[in-house]
Asks: 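Questions regarding the structure given below will be posed in turn.
Counting from 1, the numbers follow the sequence of the chain as shown. Just follow the structure's listing: the first ligand is 1, and inside any ligand the first atom is 1. No hydrogens, no waters, no symmetry mates; every other heavy atom, side chains included, goes into these values.
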Amino acid sequence: MSKMSKKIVIANWKMNPVSFKEAEKLFKNINKTFFGLKKTEVVICSPCVYLAKLKNLAKKIKLGGENIFYEESGAYTGEISAEMLYDTGAKYVILGHSERRTIFGETNEDVNKKIKAGLSVGLTPIVCIGEKERSENNEYLNFVKEQIELGFKNILKTSIGKIIVAYEPVWAIGKNAVREATAEEFLEISIFIKKVLSDKFGAQEASKVKIIYGGSVNPKNIEAFIKVGQADGFLVGRASLDPIKFGEIINLTENISEK
Ligand code: PGA
């Protein structure tokens, strides 16, 4: 990533908060925590039913969805299309989150179709990849490589720079996390991810892809991920539901510079 590009802090609210009233309060409280950012973009990915109403609340926060279906329209009860999400005012969409892969059986092929659908309407896909566990024989690198190979199959070279890759090792996510990844582990895997992308799309295009970290992100681990891990940003679950913590993460990301 060029040093001139902005960092990005993305909230993944998941299936929270429980009502629009609470979502509105959280959104407004987060909005109050930062001012005049120059180097950081803030995105809140919320349940899609809140997006159209949140759009009117604040211009400095961008909105995103947490999933789309890859078809344009039709008999797909319960699904929403890329166009429908875009129409709510969302500019981003989280795709291939490990919870969707595990609970709803989403495959790399599904993620691939969803990336293409998102790109076709102008959404920025935030594509989640990451292994379930770390084996001693580096098998996890093959797992991550396959997620990229299949997930990014036949994506146009000219589109790859529009995608954000979120490395979220499953063992570091949520309340059952074993531990967070270390900044060194993130640096190593992000170099690996860039190599796989540049073999596939060329070094120039691959260098445009933001690689962000997710998994137990909190105000205490931001500094190392930026300075040592050279993270382009963060995907934040639990801490994004706490405006004080999320505000700290935003402001630290803005103020900490890479080495
Ligand atoms: P966490 O979740 O920050 O609560 O670990 C991250 C995610 O699932 O995107």
Asks: Using 4.0 Å as the upper bound for N to carboxylate O, is an ion pair formed by Glu99 and Lys14?
Replies: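 A salt bridge links Lys14 with Glu99.
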Asks: For Asp199, is there an ion pair with Lys195 - N to carboxylate O distance below 4.0 angstrom?
Replies: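 Salt bridge: yes.
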Asks: Checking contacts here: is it the side chain or the backbone of Asn12 that comes within 4.0 Å of ligand 1, counting heavy atoms only? Could be both or neither.
Replies: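 Answer for Asn12: side chain.
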Asks: Closest by any non-hydrogen atom to atom 7 (C) of ligand 1: pick that one out of Glu99, Glu168, Glu66.
Replies: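 The residue whose heavy atom sits nearest atom 7 (C) of ligand 1 is Glu168.
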Asks: Looking at Gly215, which atoms of ligand 1 are within less than 4.0 Å of one of its heavy atoms?
Replies: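 Atoms satisfying the 4.0 Å criterion: 5 (O).
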Asks: Run the side chain to side chain donor-acceptor pair (under 3.5 Å) test against Asn221 and tell me which residues pass, sequence neighbours left out.
Replies: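 Listed in chain order: Glu180.
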Asks: What pairs with Lys53 under side chain to side chain contact (heavy atoms under 4.5 Å, CB included), at least two apart in sequence or on another chain?
Replies: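 Partners of Lys53 by the side chain to side chain contact (heavy atoms under 4.5 Å, CB included) criterion, ordered by chain and then number, come out as Phe20.
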Asks: Is the shortest distance from a heavy atom of Ala177 to ligand 1 less than 4.0 Å?
Replies: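 Heavy atoms of Ala177 never come under 4.0 Å of ligand 1.
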Asks: Report yes or no: is the cationic atom of Lys114 (NZ for Lys, CZ for Arg) closer than 6.0 Å to the six-membered ring centre of Phe69, at no more than 45° off its axis?
Replies: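 So Lys114 doesn't make the cation-pi contact.
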Asks: Check if Lys14 has a non-hydrogen atom at a distance under 4.0 Å from any atom of ligand 1.
Replies: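 Yes, Lys14 has heavy atoms under 4.0 Å from ligand 1.
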Asks: Considering the heavy atoms of Gly237, write down every atom of ligand 1 situated less than 4.0 Å from one of them.
Replies: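 Counting from 1, the qualifying ligand atoms are 1 (P), 2 (O), 3 (O), 4 (O), 6 (C).
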Asks: Does the pair Lys62/Glu41 count as a salt bridge with the N-to-O cut at 4.0 Å?
Replies: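 Yes.
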Asks: What atoms of ligand 1 come within less than 4.0 Å of a heavy atom belonging to Arg238?
Replies: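 Listed by number with element: 1 (P), 3 (O), 4 (O), 5 (O).
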Asks: Charged N to carboxylate O under 4.0 angstrom, Glu106 versus Arg100?
Replies: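 Yes, this pair counts.
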Asks: Can you find a non-hydrogen atom of Gly174 under 4.0 Å from ligand 1?
Replies: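 Gly174 counts as a contact of ligand 1 under the 4.0 Å cut-off.
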Asks: As an exercise, identify every atom of ligand 1 less than 4.0 angstrom from a heavy atom of His97.
Replies: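 Counting atoms of ligand 1 from 1, those under 4.0 Å from His97 are 7 (C), 8 (O), 9 (O).
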